[in-house]
Amino acid sequence: MPELPEVEAVRRRIEPFALGRTIVAAHVLRQRIARNGSVGQIEQFVTGRSITCVSRRAKNLLLHFDNAALRIHLRMTGDLLPCPNVRFFPIATRLILEFDKHEGILFTDPRALGRVELLDATGLEALDRSLGTEPLSPQFTPALLTSAARRSRLPAKLFLMNQAAIAGIGNIYAAEILFAARIDPARRMNSLSFACLERLHGAIQEILQAATRIAEVTYAAPGHFDEAAGFQLHVYGRVGERCLRCNRRIRRITQGARSTYHCPGCQH
DNA sequence: AGTCACCTGATT
DNA sequence: AATCAGGTGACT
């Protein structure tokens, strides 16, 4: 599912269901979702505890307890679902957090790349420090983007995906943001003018806000993303098709071993 | 700074 | 059979 907008949508779906609920049982169905040996620790710790807050930092979901939090990272195909009866769960379920009345939360993940980890206050601080600015927060200003850009020689696409700079942007929205800002994904960050960076700042906010609104009311099945609910993808996945703005054919290039889609006509 | 392994399923 | 996939962390 998951870049920032989808993870935020999951958070909003889970919060009203889970807030204040007490976990009466926890079952890790796939050992490798947790670091070696910590499965038992997770099950034991969360059992009997109440969820005091459901938050998000970058693409991480955090279920908070009194002195600790369960960090859930959905990676490529993970999802978190409110479940009316946890005795019936989908094949790809990796973790069950059970409340009373057999209700609970399911962590499903067909590809099993997602990870779960218990963090104390120190661990939470370390996580926070390891991640850059939230792009939809007030701290994310053109000035902040400019100072980060000055220090980076990365191609723009890789800069956007670097979680230590700006946190929460992934492959699809990085491509869409750069199209909206008309920036060539291969351009080095420190070569962009201030006017260009202001455009980029605006595009980051607009694309992520629009996607978040749509993600909240969508069930984004793998491969469909938010497109079905009206999020217009201008470049992602459209190699060979015509640019909706200038009619040139969309290209696919490789950056950091991932596909980047862009329009050679309007991105410079 | 760049590439690959981690997983599984869908598509070519 | 081979390649691709919304992410990351651990390697050269």
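Quantities reported herein were computed from a predicted structural model and do not represent experimental measurements. Chain A is the first sequence line, chain B the second, and so forth, proteins listed ahead of strands; every chain is numbered from 1.
Atom CZ of A:Arg75 is separated from atom P of B:dG9 by 18 Å (rounded to the nearest Å). Rounded to whole Å, the distance from CD1 on A:Ile172 to P on C:dC4 is 16 Å. A:Arg30 has its CZ atom 9 Å from the C1' atom of B:dT8, to the nearest Å. In this structure, CD1 of A:Ile33 is placed 17 Å from P of C:dT8, rounded to the nearest angstrom. In this structure, the CG atom of A:Asn171 is 6 Å from the P atom of C:dG7, given to the nearest Å. A:Arg115 has its CZ atom 11 Å from the P atom of C:dA10, to the nearest Å. One interatomic measurement links the two molecules: CG of A:Asn190 to C1' of B:dA1, which rounds to 15 Å at whole-angstrom precision. Here the P atom of nucleotide B:dT3 and the CG atom of A:Leu158 are 10 Å apart, to the nearest Å.
The residue A:Arg258 sits close to a base: some heavy atom pair falls under 4.0 Å. Across all strands, A:Arg153 comes closer than 4.0 Å to no nucleic acid atom at all (heavy-atom distances). Counting any heavy atom pair closer than 4.0 Å across all strands shown, A:Arg94 reaches no nucleic acid atom. No contact: A:Phe159 has no heavy atom under 4.0 Å from any strand.
In this model, the phosphate group of C:dG7 is not approached by any side-chain N or O of A:Gln163 to a distance below 4.0 Å at OP1 or OP2. For the OP1/OP2 pair of C:dT8 and a distance below 4.0 Å, the side-chain nitrogens and oxygens of A:His73 include at least one atom meeting the criterion. Distances shown here put every side-chain N or O of A:Thr77 at or beyond 4.0 Å from the OP1 or OP2 atom of B:dT8. A close approach under 4.0 Å does not occur between any side-chain nitrogen or oxygen of A:Tyr261 and OP1 or OP2 of C:dC4. An OP1 or OP2 oxygen of C:dA5 is reached within less than 4.0 angstrom by a side-chain nitrogen or oxygen of A:Arg252.
Of the candidates C:dA5, B:dC4, C:dG9, the closest approach to any side-chain atom of A:Ala257 belongs to B:dC4. Closest approach to the A:Ser259 side chain among B:dT8, C:dG9, C:dA5 is made by C:dA5 (side chain taken as heavy atoms from C-beta onward). Closest contact between the side chain of A:Leu154 and the listed nucleotides B:dC4, B:dG2, C:dG7 involves B:dG2.
Side-chain contact between A:Phe140 and A:Ile204 is present, with at least one heavy-atom pair separated by less than 4.5 Å. When side chains are defined from C-beta on, A:Thr93 does not count as touching A:His27, because their heavy atoms never get closer than 4.5 Å.
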Show the atom names and distances, to 0.1 Å, of all donor-acceptor pairs under 3.5 Å that link a side chain in residues 124-137 of chain A to residues at least two apart or in another chain.
{"from": "A:Asp128", "atom 1": "OD1", "to": "A:Arg57", "atom 2": "NE", "distance (Å)": "2.5"}
{"from": "A:Asp128", "atom 1": "OD1", "to": "A:Arg57", "atom 2": "NH2", "distance (Å)": "3.4"}
{"from": "A:Ser130", "atom 1": "OG", "to": "A:Leu127", "atom 2": "O", "distance (Å)": "2.7"}
{"from": "A:Glu134", "atom 1": "OE1", "to": "A:Arg56", "atom 2": "NH1", "distance (Å)": "3.0"}
{"from": "A:Glu134", "atom 1": "OE1", "to": "A:Arg56", "atom 2": "NH2", "distance (Å)": "3.2"}
{"from": "A:Glu134", "atom 1": "OE2", "to": "A:Arg57", "atom 2": "NH1", "distance (Å)": "3.0"}
{"from": "A:Glu134", "atom 1": "OE2", "to": "A:Ala58", "atom 2": "N", "distance (Å)": "2.6"}
{"from": "A:Ser137", "atom 1": "OG", "to": "A:Glu134", "atom 2": "O", "distance (Å)": "2.7"}
{"from": "A:Ser137", "atom 1": "OG", "to": "A:Gln139", "atom 2": "N", "distance (Å)": "3.4"}

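Residues A:Tyr173 and A:Phe179 keep their aromatic ring centres 6.0 Å or farther apart.
Around the CZ atom of A:Arg35, the shell of radius 6.0 Å holds no more than 12 heavy atoms that belong to other residues, nucleotides or ligands. Residue-environment remark: CZ (A:Arg251) stays at or below the threshold of 12 foreign heavy atoms within 6.0 Å.
Stem list for DNA chain B (at least 3 consecutive Watson-Crick or G-U pairs, distances under 3.5 Å): B:1-6 with C:7-12, B:8-12 with C:1-5.
In the interface, the side chain of A:Arg111 is paired with the base of C:dA5 through a donor and an acceptor atom under 3.5 Å apart.
Residues A:Tyr261 and A:Leu244 are members of separate hydrophobic clusters, defined by side-chain heavy-atom contacts under 4.5 angstrom among Ile, Leu, Val, Met, Phe, Trp and Tyr.
A side-chain N or O of A:Thr77 and one of A:Asp109 form a donor-acceptor pair less than 3.5 Å apart.
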